[in-house]
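Okay, so here's the structure we're looking at.
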Amino acid sequence: MNYRKLNPDEITILRANNCRADSWDNILVVDNFTPEHVENVTFSGTIKLGAFTTSHKQLGGIEFHSGVRNAKLHNVEIGNDCTIDSIHNYIANYRIGNNVIIENTNLIVTDGESTFGNGVLVPAINEGGGREIPIYDHLSSHMAYIIALYRHETQLIEQLTKMINDYAESRRSDVGTIESNVRIFNCGTIKNTYIGEYTSLGGVSKLSNGSINSNRYAPVHIGSGVKCNDFIISSGTDITDSTLVSRCFIGQGCELGKHYSALDSVFFANCQGFHGEATAIFAGPYTVSHHKSSLLIAGMFSFLNAGSASNQSNHMYKLGPIHQGIVERGSKTTSNSYLLWPARVGAFTLVMGRHTKNSNTTDLPFSYLIENDTESYLIPGVNLRSVGTIRDTQKWPNRDRRKDPVKLDSINFNLLSPYTVQKMFNGIDILRQVRRLTGENNQTYLYENCHIRRSSLINGIEFYRLAIKKFMGNSVISRITQNYDGSPVKPLKSLEELKKRLTPTTNIGLGNWVDLSGMICPRTEIDRMIAEIKLGKMDITEAEKRIREIHENYYEYEWTWACDKMVNHFGKSIGDLTKEDLVKLITNWYEAVLRLDKMLYEDAKKEFNLSAHTGFGVDTDDDDRNADFEAVRGKFEDNSFVKNCLQHMKNKEKLYNDTIALINSLE
């Protein structure tokens with residue numbers, strides 16, 4: 001904006017409105033500035049004022065004109081059509097955008113130079129230190145994962161730290177910013193805080209040394225009694241109800257409230273924390289804790305549902321709280337569950353009871369880890385037949401609260417992927433080896449401080465075999481019938497064309513895969529990126545871009561991995577595969593899908609059996625009790641999940657028949 005000095009008439013009006021200035025020459029205004037709307041204001045330092053031409057409406061329909069009233073301003077720039085009223089202390093060293101409302105607030109100040117939370121070291125995962133993550137505005141869960149867990153790559157960590165520090169220095173300033181269309185009501189102290197556009201602050205107690213990266217697509221709301229120190233808050237996040245945040249990164253679409261306490265932690269997309277406490281945790285996407293007395297401490301989680309009063313222990317009262325744990329994606333902890341760190345829990349595992357011995361079940365995913373007479377018992381693979389597991393994977397995409405067109409985290413929601421399926425291959429080998437070494441006919445086996453009953457071991461192998469067949473068939477059929485870029489699929493005219501389509505277009509995808517806190521990808525690509533970072537070939541923005549590119553190519557890389565497993569299974573190259581080979585693979589897929597779907601159907605039916613009717617139909621007979629149950633819960637056959645399950649079986653039957661017919665028609 002173009003500014004000019006005040007003219008004598010404007011100074012006269014300002015004085016008449018009880019305004020004061022240490023020097024009127026230091027006040028610059030726009031051409032259409034109207035002094036009538038500036039009352040009872042004390043100016044010091046350099047001041048820039050915009051025009052006040054519009055009115056604003058409060059709740060209840062009360063209307064007031066924009067302007068500055070009842071405030072003390074020092075080195076402040078105010079944009080057009082702002083309303084600033086009842087500042088009990090002062091506003092100092094801030095640029096304020098257009099259409100901003102600040103009312104009944106104590107103090108807004110930038111004191112000295114600040115990077116506004118960028119570069120703050122967050123000691124996540126291990127309270128004893130050693131895995132500190134320097135946070136910055138655009139931090140993704142994947143980059144944070146590399147920084148926290150690849151500490152053995154000293155050159156990498158040094159380079160990443162330098163890149164992040166360089167970004168932090170680019171944000172350093174002795175003047176804070178409140179962007180346009182911000183609303184600040186009834187707040188306490190706001191110090192060294194960047195406030196992005198469309199932020200709403202209502203009743204906030206304290207904000208210090210942080211950034212609120214709100215925008216018009218995904219506003220941030222921070223509510224009554226909230227205190228935040230040394231923080232970065234990403235777009236679309238709500239923090240309310242006297243929540244305490246200290247040395248934390250809060251990702252996009254998160255919700256923290258109901259007196260939640262978060263210390264030394266990072267939270268990524270769509271995390272939720274209510275009532276409980278988090279200390280030194282790495283909360284990957286969709287980490288959820290809703291209950292009082294729930295403590296998440298010194299661990300890495302993602303897609304977690306933490307039950308009431310579930311907690312972990314990282315302190316053995318010897319060398320301090322130096323222990324840590326990893327709970328892999330999709331796991332749940334039941335009420336009053338307990339894990340003694342160090343431990344590692346495999347993906348999609350249900351943890352029930354207290355577990356006081358260190359265990360590692362990473363290669364036995366989809367399991368139950370339960371307590372029985374103070375001992376830990378593992379039931380491998382049983383979660384593959386749980387209706388809850390399928391329901392979770394369906395609800396996560398639908399509960400994505402991120403409205404920002406720029407997504408910081410690249411999230412893969414797939415239940416079956418090279419990451420989980422390779423663990424199932426490992427799991428089958430482990431279970432067979434445990435049985436062979438311990439004894440074929442033993443009733444109980446011991447693995448990683450967990451007891452496994454003979455029946456559970458045998459069933460676990462079968463669950464994994466079914467899931468592997470399902471994944472392999474899914475991959476083959478998808479390759480035949482879909483183009484991952486969304487373009488139309490060309491009809492196949494010959495077996496040779498089919499084989500050509502089944503031939504991978506890249507070698508990327510072979511070998512081990514990793515879950516980079518929400519993003520599933522080949523380890524080779526992460527290693528390649530790390531090598532380039534170590535050589536100084538990319539900055540932090542380019543590194544984040546590379547991560548997104550790897551995510552976007554997931555299905556091409558997945559097929560390379562799946563195809564390798566397929567040709568190893570048949571002992572043939574793609575060119576040597578016959579129609580009979582493919583028909584057998586698709587038939588195995590269909591049989592596995594049906595068996596798993598029927599297991600899910602039977603598991604869902606348990607929610608409607610007679611024991612589930614307990615507590616319904618109070619003061620009535622059995623008939624009325626059943627009627628009351630149906631009035632509340634509905635009938636089994638009308639349940640949406642049950643309908644979807646039955647429809648899924650029909651769809652897969654049609655897909656099976658169509659695919660087999662297609663293969664048999666090719667010459």
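Starting from 1, each residue takes its place in the sequence as its number.
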Strictly distance-based, threshold 3.5 Å: is any side-chain N or O of Asn568 a donor or acceptor partner for the main-chain N or O of Asp564? yes
Using the side chain to side chain donor-acceptor pair (under 3.5 Å) rule, collect all pairs that involve residues 351-360, keeping only residues at least two apart or in two chains. His355-Ser376, Lys357-Glu375
Decide if atom NZ of Lys493 counts as having more than 12 heavy atoms of other residues, nucleotides or ligands within a radius under 6.0 Å. no
Fit a plane to each ring of Phe301 and Trp341, take the angle between them on a 0 to 90° scale, and name the class: parallel (under 30°), tilted (30 to 60°) or perpendicular (over 60°). tilted
Dump the intermediate steps for side chain to side chain donor-acceptor pair (under 3.5 Å) on Gln647 and Asn651, then the final yes or no. CA-CA 6 Å; Gln647 187 61 48; Asn651 292 343; 2.9 Å; yes
Partners meeting salt bridge (Lys or Arg N to Asp or Glu O under 4.0 Å) with Lys395 (sequence neighbours left out): Asp392
Less than 4.0 Å between a side-chain N and a carboxylate O, is that true for Glu496 and Arg501? no
What is the ring orientation for Phe303 with Phe413, classed by angle as parallel under 30°, tilted 30 to 60°, or perpendicular over 60°? perpendicular
Is it true that Ser335 and Ser308 share a donor-acceptor pair across their side chains at a distance under 3.5 Å? yes
How long is the span from the CD1 atom in Ile133 to the CD1 atom in Ile147, to the nearest 0.5 Å? 6.5 Å
At what distance, to the nearest 0.5 angstrom, does CZ of Arg435 lie from CD1 of Ile458? 4.0 Å
Looking at Glu653 and Lys650, does any basic side-chain N land under 4.0 Å from a carboxylate oxygen? no
Mind checking whether Phe471 and Trp561 have parallel, tilted or perpendicular rings, split at 30° and 60°? perpendicular
Rounded to the nearest 0.5 angstrom, the CD-OG distance for Gln422 and Ser417 is 8.0 Å
Criterion side-chain contact (heavy atoms from CB on, under 4.5 Å) against Thr389, the qualifying member of Leu384, Asn383, Leu350: Asn383
Could you check Tyr554, Tyr419, Phe425 and say which one makes a ring-ring contact (aromatic ring centres under 6.0 Å, His included) with Trp513? Tyr554
Approximate separation, where rounding is to 0.5 Å, of Lys584 NZ and Ile586 CD1: 13.0 Å
Does a side chain donor of either Asp429 or Gln433 reach within less than 3.5 Å of an acceptor in the other side chain? no
Euclidean distance, Asn412 CG relative to Leu415 CG, rounded to 0.5 Å: 10.5 Å
Please evaluate residues Phe268 and Phe249 with respect to the criterion ring pair (Phe, Tyr, Trp, His ring centres under 6.0 Å), reporting the C-alpha separation (whole Å), side-chain torsions for both, the decisive distance (0.1 Å), and the verdict. CA-CA 8 Å; Phe268 293 99; Phe249 178 91; 5.5 Å; yes
Pair Asp527-Thr524, side chain to side chain donor-acceptor pair (under 3.5 Å): steps then yes or no: CA-CA 5 Å; Asp527 290 341; Thr524 56; over 6 Å; no
Distance col, row Asn426:CG vs Leu364:CG, nearest 0.5 angstrom, shows 9.0 Å
Please identify which of these residues, Arg548, Gln252, Lys407, Glu544, meets the side-chain hydrogen bond (donor to acceptor under 3.5 Å, both in side chains) condition with Ser140. Glu544
